[in-house]
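Worth knowing before you read on, the calculation uses all heavy atoms, side chains too, and leaves out hydrogens, waters and symmetry mates. Both counts, for ligands and for their atoms, begin at 1 and track the order of listing.
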Amino acid sequence: MRAIQIANLNGPDEALELVDDAPEPEPSHLLTPGSGVLVDVHAAGVSFPEVLQTRGEYQVKPPLPFVPGSEVAGTVRSAPDGASIAAGDRVAAFCALGGFAEVAVSPEFLTFPLPDALDFAQGASLILNYHTAYFALKLRGRLAEGETVLVHGAAGGVGTAALQVARGLGARTIAVVSTDEKDQVAREAGADEVFRSDGPWKDEVKEAGGADVVIDPVGGDRFLDSLRSLREEGRLVVVGFTGGSIPEVKVNRLLLNNTEVIGAGWGAYVMSKPDLNRQVGAEIQKLI
Ligand SMILES: NC(=O)c1ccc[n+]([C@@H]2O[C@H](COP(=O)([O-])OP(=O)(O)OC[C@H]3O[C@@H](n4cnc5c(N)ncnc54)[C@H](OP(=O)(O)O)[C@@H]3O)[C@@H](O)[C@H]2O)c1
């Protein structure tokens, strides 16, 4: 089959190589040895892990060359007995690796029916972004209807998903972005208000009443101002560090303002919990 491999670790411009003789996967996934859904891939998502993998900077480091691609959308070629999906179904699937290929394999519990409302490209960006958003907002951040959510990196993959899921859960949304173009993307994703990361966004958020939950995939310098923009009992949910540096917190701030910092690592939490993935998948279907 055709596939795109990572052949060296020189970064995204040089590391990728198109081959037409990669072996097709067996219906067996690393997370469910001996069992797996084979998917004829129509679209594959590209996100942060793949970029990091081209530089050897991701936590999972398979021997070279390997086929990257953590998630896909396509049609089921074969599914294990008892699976909720069957051959021919349109699906979104999280495969962790191997998605940049004509055929990929995913665990049954991370393979979800793709609603008619979504095309394959949308399906290929569904799981990593939207499951993470739901996990961070609801399961870790304990978001309640009527609360206010501040989303950093709000025009990115996790950011746009967090805006949409927060809106779907009945929250008011504030986006922080770096450019006019991203301002527009955030508004289209459902931001009620948008502030610029190079402006006085902390004061603007406070003037707007403060945030109950902050979703932070960026980290770096803005962390302290995120804490300052929280309301009493507010929660800052740590999702990633695209800004480069890992912030530190003086915990007296949490004591003085009765706030929390919460980690949200979707993959580490959900991979060993099949039923939780099915529940989150069902919640996302409702929101779609
Ligand atoms: N915890 C989890 O379970 C989990 C799950 C999925 C992804 N993640 C992580 O979440 C982060 C965001 O992923 P994503 O797919 O949403 O990425 P993305 O689509 O590239 O968006 C990242 C956003 O970060 C902001 N940013 C600020 N400084 C940046 C820099 N130096 N380089 C790149 N972007 C920068 C940008 O927004 P502005 O320009 O508007 O600031 C950008 O839109 C990544 O670190 C990823 O690994 C974590």
Ligand 1 N/O within reach of Gly267 N/O, cut-off under 3.5 Å: no
Criterion salt bridge (charged side-chain N to carboxylate O under 4.0 Å, His left out) on Glu108 and Arg278, from CA distance to verdict: CA-CA 10 Å; Glu108 179 272 333; Arg278 295 186 187 107; 2.9 Å; yes
Between Val176 and ligand 1, does any nitrogen or oxygen pair lie at a separation below 3.5 Å? no
Side chain or backbone, does Asn129 bring an N or O within less than 3.5 Å of an N or O on ligand 1? no
The protein heavy atom nearest to atom 16 (O) of ligand 1 is Val158 N, 2.8 Å
Parallel, tilted or perpendicular: which describes the rings of Phe94 and Trp266, with under 30° parallel and over 60° perpendicular? perpendicular
With nothing but distance in play, are any N or O atoms of Val239 less than 3.5 Å from an N or O of ligand 1? yes
Give yes or no for whether the N/O distance cutoff of 3.5 Å, strictly under, is met between Ser178 and ligand 1. yes
So, does Arg222 sit close enough to ligand 1 that a heavy atom of it is under 4.0 Å from the ligand? yes
Would you call Gly244 a ligand 1 contact, heavy-atom distance under 4.0 Å? no
Could you see which bit of Thr132 sits under 4.0 Å from ligand 1, with heavy atoms only: side chain, backbone, both or neither? side chain
For ligand 1, which atoms, with element, lie under 4.0 Å from some heavy atom of Val218? 24 (O), 25 (C), 27 (C)
Compute whether any side-chain donor of one residue and acceptor of the other, for Glu233 and Thr259, lie under 3.5 angstrom apart. no
Any N/O pair Val177/ligand 1 closer than 3.5 Å: no
Please state which protein non-hydrogen atom is closest to atom 2 (C) of ligand 1 and give its distance, to 0.1 Å? Ala264 O, 3.5 Å
Taking distance alone, with N or O pairs closer than 3.5 Å, would you say Ser47 contacts ligand 1? no
Test Phe100 against every option in Leu18, Val67, Ile6 by the side-chain contact (heavy atoms from CB on, under 4.5 Å) rule and name the one that passes. Val67
